[in-house]
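Some notes on the structure that comes next.
Lettering of chains follows the sequences in order, A, B, ..., and the numbering in each one begins at 1.
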Amino acid sequence: MKPSASAEGEHTAVYFDTVTKRFDDVAALNAVTLGVGRSEFVTLLGPSGCGKTTLLKLAAGFLGPDGGSISIEGKRVNDIPTYRRGIGMMFQNYALFPHMSVADNVAYGLKTRRVPKADRDKRVADALALVKLKGMENRKPRQLSGGQQQRVALARALVINPTVLLLDEPFSALDKSLRTSMQVELREIQRRLGLTTIFVTHDQGEALSMSDRVAVMSEGRIRQLGSPVDVYRSPADPFVASFVGDNNRLRGQFVSMQAKQAIVALGDALVRVPGESLSGLEKSAAVDLFVRPEQFDVVAPEEPCTIKGSVVAQIYQGGHVDLQIECSGGAGERLLVRSPGEQAVLRWPMGAPVGVAIQADQCSAFPAA
Amino acid sequence: MNQQPFLRIFTAPATLCAVGFIAAMVAVLQYSLRAYVPGSLDPGGFTLANFADLLKPLYARVFLDTVVVCAMTAVVTLIVGYPLAYALVRVEQPILRSILLVIVVTPLFLGEVVRTYAWIIVLGNNGFINSLLLSLGLIGKPLQLMFTPFGVVVALVHVTLPVMVIMLAAGLSHIDRDYSRAAESLGAGPIRVFLTVTLPLSLPGVVAGTTTAFAWTFSAFATPQLIGGGRVNMISNLVYQLGFSSFNFPFAATLCVAGLALTALVLGLLQLASRPLRKIEVH
Amino acid sequence: MIPRSTYQKVLGWVGLLAVLVIVAFLVLPAAVVTIAAFNDKPILSFPPQTWSWRWFGRALAYEDFRQGFFNGLIVTAWSSTIALCVGGMFAFVIDRYKFPLKSAIEGILISPLVIPHFTVGLGFLILAAQVGLSRGFAVVVICHVILVLPFVLRSVYVSLRNLDQSYEHAAASLGAGPLRVLTTVTLPLLLPGLVSGWLFAAILSFNEFTASLFVTSQRTQTLPVAMYNYVREFADPSMAALSVMYIVGTAALIAFANAFLGLGKVLNIEQSH
């Protein structure tokens with residue numbers, strides 16, 4: 001684990017120390033501890049109601065914690081109001097002041113900081129150049145497209161050199177193609193400026209593609225904190241496994257432990273899976289295996305395989321083909337299997353009997369709940 | 001296939017009402033152009049003399065007083081109503097909100113007479129305020145609060161306050177909270193947030209509220225009649241007096257027409273002045 | 001608690017104080033009237049030396065008040081119901097349809113909001129005389145319908161705006177004709193808006209004073225007119241007692257409306273998130 005994740009170190013920009021927040025009697029955040037390193041891009045990912053937005057609002061000062069403390073740059077900010085925190089924030093609907101021009105919107109934070117006019121004008125111009133909006137200074141927000149509005153919101157948040165940039169689902173209002181290019185652009189600017197950033201989203205694709213680290217949240221807790229690859233490859237628990245990326249859950253029975261690997265029975269077949277989280281299980285205890293769609297190999301039914309079944313749906317996705325395979329003999333369980341390229345469309349037609357092999361060393365296993 | 005079912009049936013009664021109302025207004029207009037025959041309820045021939053009479057100092061004075069009272073009431077109501085509207089929108093606890101709402105809305109439905117009567121008791125020479133001040137020894141003899149423009153404006157502010165608060169609150173409640181949050185995140189303190197974001201965005205509500213307060217005050221009758229007691233005369237009082245004391249309905253009608261023109265002028269100017277505001281788009 | 005600087009806290013307290021003062025100003029007349037109503041003496045004095053309920057009895061027994069109350073009920077029942085039907089139907093067509101003179105009719109029906117009531121009253125008084133209508137209930141009711149119509153129109157129109165038309169489309173797709181859609185889908189969904197519109201209209205009509213003063217006669221005078229005449233002639237606390245009953249009744253009605261209909265929604269002042 002990185003030092004910043006467990007304790008507040010000198011490279012920590014924002015630190016949440018066992019932060020608790022309740023609304024009425026419901027705990028929105030339950031003793032959450034999270035350190036965000038300087039210049040780091042950390043994403044809070046989770047379904048709605050998981051507490052990610054609450055955590056962001058606590059960092060911004062729109063809410064105060066019921067327990068624990070929050071520090072920014074080593075300074076406890078529990079009692080510091082928003083306007084003295086030196087943060088920059090982008091809102092879901094941008095919240096561009098509708099009665100001000102683009103330039104006035106961007107200059108707003110500089111005016112509150114009493115930056116002299118000449119300097120202010122220059123910084124506004126630089127910020128607008130940074131987000132490629134030169135020449136738009138005198139427009140009103142409603143005269144801009146969604147993507148342009150977002151750039152203004154970004155410029156407005158960046159121009160004040162915030163200690164930390166807070167992003168509240170800023171891409172959710174954009175259409176898909178624009179979203180991707182804005183994501184790349186934002187990440188580039190963030191890297192160039194070395195800005196500490198906390199990003200909130202419910203979109204796991206966005207989280208994986210943009211972040212240095214991802215904090216997967218659910219029910220007011222951080223379930224896993226790690227790099228996108230960690231979170232995708234080695235989920236810490238069944239929730240993370242099923243929330244991040246597509247996953248198939250297969251119920252099996254624990255057989256034995258060999259070195260660090262566990263032998264699990266899936267029907268008649270035995271598979272060897274990573275066993276860290278299964279140590280101490282009794283024989284024939286129920287085990288859930290999480291297998292990504294791309295961790296299956298579809299083979300002819302007579303070849304050696306783990307599961308037998310037949311194709312019930314073909315979903316052509318362009319670069320790959322998703323197959324739904326109904327397991328034979330089982331209770332109609334369906335597997336989502338991803339096959340690269342397009343050959344699968346012809347090779348495994350609807351209704352065709354197939355065998356499915358598992359790349360078991362890649363999958364994750366947890367004791368069944 | 002009829003694409004607009006019920007159109008005729010549903011429009012007919014409303015059209016009838018509109019026609020009836022127009023007929024009543026045309027009747028006023030028509031009477032304003034007729035001569036007054038003293039001692040008779042029927043008007044004489046057509047004339048413009050009534051409008052010439054409007055310029056007499058006595059009547060011009062009433063018009064001026066009316067406009068001054070209306071303008072003062074509208075402005076005071078706005079200043080008093082804004083904090084209350086703000087509180088109504090921002091209070092979080094549902095119970096407190098409901099109490100505030102009922103307190104604000106109830107006077108709206110009490111009617112002018114009950115409220116004016118209550119103010120007579122508050123402002124009268126042996127009323128609440130004077131009794132209180134006398135017993136505290138702050139004054140030696142009762143203050144003259146009744147029959148003064150001050151008393152009339154205070155009571156009128158009370159009459160127009162609910163509608164002002166409701167209109168301001170409607171404006172304020174439609175301002176996305178993220179605007180003030182954004183301003184705060186950019187380093188603006190509470191007063192700056194209010195002056196640069198909340199207030200400008202609530203201006204459409206301010207205009208609507210002020211307009212309505214002006215129109216309502218213009219329409220008030222019982223308050224200036226009972227609290228002004230003849231010493232503060234508004235157009236409404238003059239119209240009633242002319243109609244029911246001297247049966248001079250033609251001139252009463254003329255005053256109504258002139259009053260309408262004046263209202264239209266003031267409201268038109270307010271609309272014009274607030275034109276740039278309409279460009280503000282509040283989500 | 002949201003983090004607040006001392007400066008913000010002080011501002012908050014100042015604001016709270018201002019709001020309390022304003023609320024006190026709003027409540028003051030009602031409070032003072034209540035004290036006055038229980039004063040045993042017929043002459044106003046603060047604080048009252050002796051207390052009594054007797055003015056309540058006097059107010060309830062006073063013939064003009066009784067007559068005014070029942071006249072008011074008659075006028076209110078007719079005018080609010082007629083206004084609800086007329087306004088409800090018209091709100092429906094302005095929400096849904098385009099037709100000639102639409103905005104003209106709408107403008108005319110909304111205009112009583114800004115036209116002084118004494119002008120409206122005088123207009124109907126003259127019109128009634130011109131068409132030879134005696135000063136009976138009909139004129140009063142018509143006048144009240146015109147005056148409360150803007151409120152009904154707005155109330156129903158807002159409910160119609162918030163009504164998802166896909167319910168009606170769904171009913172139509174299932175084979176319901178326009179009349180069946182209207183009676184089985186639109187009207188039931190619109191019920192809260194209709195009730196609040198009717199309630200609005202009824203309260204406003206019952207309280208309408210200035211125009212009523214012009215169009216009522218001794219025989220048809222409504223309660224506010226009777227009260228006005230009483231205040232001009234007498235100074236005893238009967239009127240205070242009646243005011244207290246009025247205030248309590250109205251506040252109860254408003255609180256009821258708030259609990260069941262959500263005044264915040266009706267008045268369109270709910271905070272958007």
Side-chain angles (χ1 to χ4, degrees), chain B residues 4-5 7 10-11 13-15 17-18 20-25 27-28 31 80 83-84 87 89 98 101-103 105-107 109-115 117-119 121-122 124 126-128 131 166 169-170 173-174 190 215 218-219 221-222 226 236 239 243 252-253 256 259-260 263 267, chain C residues 8 11 15 18-19 22-23 26-30 32-33 36 44-46 86 89-90 92-93 97 99 105 108-109 114-119 122-124 126-127 130 142 145-146 149 178 203 207 209-210 224 227-228 231 239 243 246-247 250-251 254-255 258 263-264 267-272:
Chain B
Q4 303 194 336
L7 175 60
F10 279 15
T11 320
T15 313
C17 285
F21 181 55
I22 288 297
M25 291 300 102
V28 172
Y31 256 59
V80 175
L84 197 54
V89 171
S98 297
L101 196 59
V102 171
I103 289 178
V105 172
T106 306
F109 295 121
L110 281 181
E112 217 189 327
V113 180
V114 170
R115 281 193 283 174
Y117 171 74
W119 277 105
I121 299 184
V122 174
N126 46 1
F128 177 75
S131 303
I166 288 167
S173 67
H174 289 90
F218 202 91
S219 177
F221 171 78
L226 294 173
S236 58
V239 168
C256 285
L260 274 182
T263 324
L267 299 190
Chain C
Q8 277 173 311
L11 271 180
V19 169
I22 299 164
V23 167
L26 266 176
V27 176
L28 175 77
V32 169
V33 155
L44 206 58
S45 64
F46 286 97
V86 175
M89 290 192 288
F90 195 62
F92 182 85
V93 293
Y97 302 151
F99 52 94
I105 299 174
I108 292 167
L109 294 179
V114 289
I115 294 184
H117 283 200
F118 59 85
T119 305
L122 186 71
F124 278 102
I126 297 174
L127 185 66
Q130 282 180 335
I142 292 169
V145 167
I146 294 296
L149 207 46
I203 297 176
N207 284 306
F209 166 65
T210 312
M227 292 193 291
Y228 172 75
V231 174
M239 178 60 196
S243 298
Y246 220 99
I247 293 166
T250 309
I254 301 282
N258 186 33
L263 270 186
L267 299 172
N268 198 22
I269 57 170
E270 296 279 297
Q271 172 86 59
S272 54

- Okay, C:Phe99 and chain B: the region with an atom under 4.5 Å from a heavy atom over there is side chain
- Test side chain to side chain contact (heavy atoms under 4.5 Å, CB included) on B:Phe21 and C:Ile115 and set out the steps. CA-CA 11 Å; B:Phe21 181 55; C:Ile115 294 184; 3.8 Å; yes
- Rounded to the nearest 0.5 angstrom, the CG-NE2 distance for C:Leu122 and C:His117 is 14.0 Å
- If you tally heavy-atom pairs under 4.5 Å between each of B:Ser131, B:Pro83, B:Ala215 and chain C, the highest tally belongs to B:Ser131
- Item | Residue pair C:Phe209, C:Met227: steps toward the side chain to side chain contact (heavy atoms under 4.5 Å, CB included) verdict | CA-CA 10 Å; C:Phe209 166 65; C:Met227 292 193 291; over 6 Å; no
- Task: Flag the one option from C:Val27, C:Val19, C:Leu11, C:Leu109 with the top tally of heavy-atom pairs under 4.5 Å to chain B.
- Result: C:Leu109
- Query: Is there side-chain contact between B:Arg115 and B:Pro107, with heavy atoms separated by less than 4.5 Å?
  - Reply: yes
- Item | chain C interface, residue from B:Val28, B:Thr263, B:Ile121, B:Ile22 that has the most non-hydrogen pairs under 4.5 Å | B:Ile121
- Are any of the side-chain heavy atoms of C:Leu26 and B:Leu84 separated by less than 4.5 Å? yes
- Message: If we define contacts as heavy-atom pairs under 4.5 Å, which of B:Leu226, B:Thr15, B:Leu267 has the most with chain C?
- Response: B:Leu226
- Choice from C:Val145, C:Leu28, C:Ile142 maximising heavy atom contacts with chain B below 4.5 Å: C:Leu28
- Note on the structure: Greatest number of non-hydrogen atom pairs under 4.5 angstrom with chain B, of C:Ile146, C:Val86, C:Val32, C:Ile247, falls to C:Val32
- Item | Residue pair C:Asn207, B:Leu110: steps toward the side chain to side chain contact (heavy atoms under 4.5 Å, CB included) verdict | CA-CA 7 Å; C:Asn207 284 306; B:Leu110 281 181; 5.6 Å; no
- Message: Quick check: closest heavy atoms across C:Ser243 and C:Val33, and the distance to 0.1 Å?
- Response: CB-CG1, 3.6 Å
- Test log, rule side chain to side chain contact (heavy atoms under 4.5 Å, CB included), inputs B:Met25 and C:Thr119: CA-CA 8 Å; B:Met25 291 300 102; C:Thr119 305; 4.2 Å; yes
- Option in B:Ala252, B:Gly259, B:Ala118 with maximal non-hydrogen atom pairs under 4.5 Å from chain C: B:Ala118
- Item | Contact class of C:Leu149 relative to chain B, heavy atoms under 4.5 angstrom | side chain
- Go through the atoms of C:Phe124 and report whether side chain, backbone, both or neither lie under 4.5 Å from a heavy atom of chain B. both
- Task: Return the orientation label for the C:Phe118 and B:Phe218 ring planes: parallel under 30°, perpendicular over 60°, tilted otherwise.
- Result: parallel
- Could you check which of B:Asn126, B:Ile103, B:Val122, B:Leu260 has the highest count of heavy-atom pairs closer than 4.5 Å to chain C? B:Asn126
- Between C:Ile105 and B:Ala18 the two heavy atoms that sit nearest each other are CG2-CB, 4.1 Å
- Message: Among C:Gln8, C:Gln130, C:Met239, which residue has the highest count of heavy-atom pairs closer than 4.5 Å to chain B?
- Response: C:Met239
- Message: With a 4.5 angstrom heavy-atom cut-off, is it the side chain or the backbone of C:Val231 that approaches chain B, or both, or neither?
- Response: side chain
- Answer key: most heavy-atom pairs under 4.5 Å with chain C among B:Phe221, B:Tyr31, B:Trp119, B:Tyr117 is B:Tyr117
- Item | chain B contact via C:Ala36 - side chain, backbone, both or neither, heavy atoms under 4.5 Å | side chain
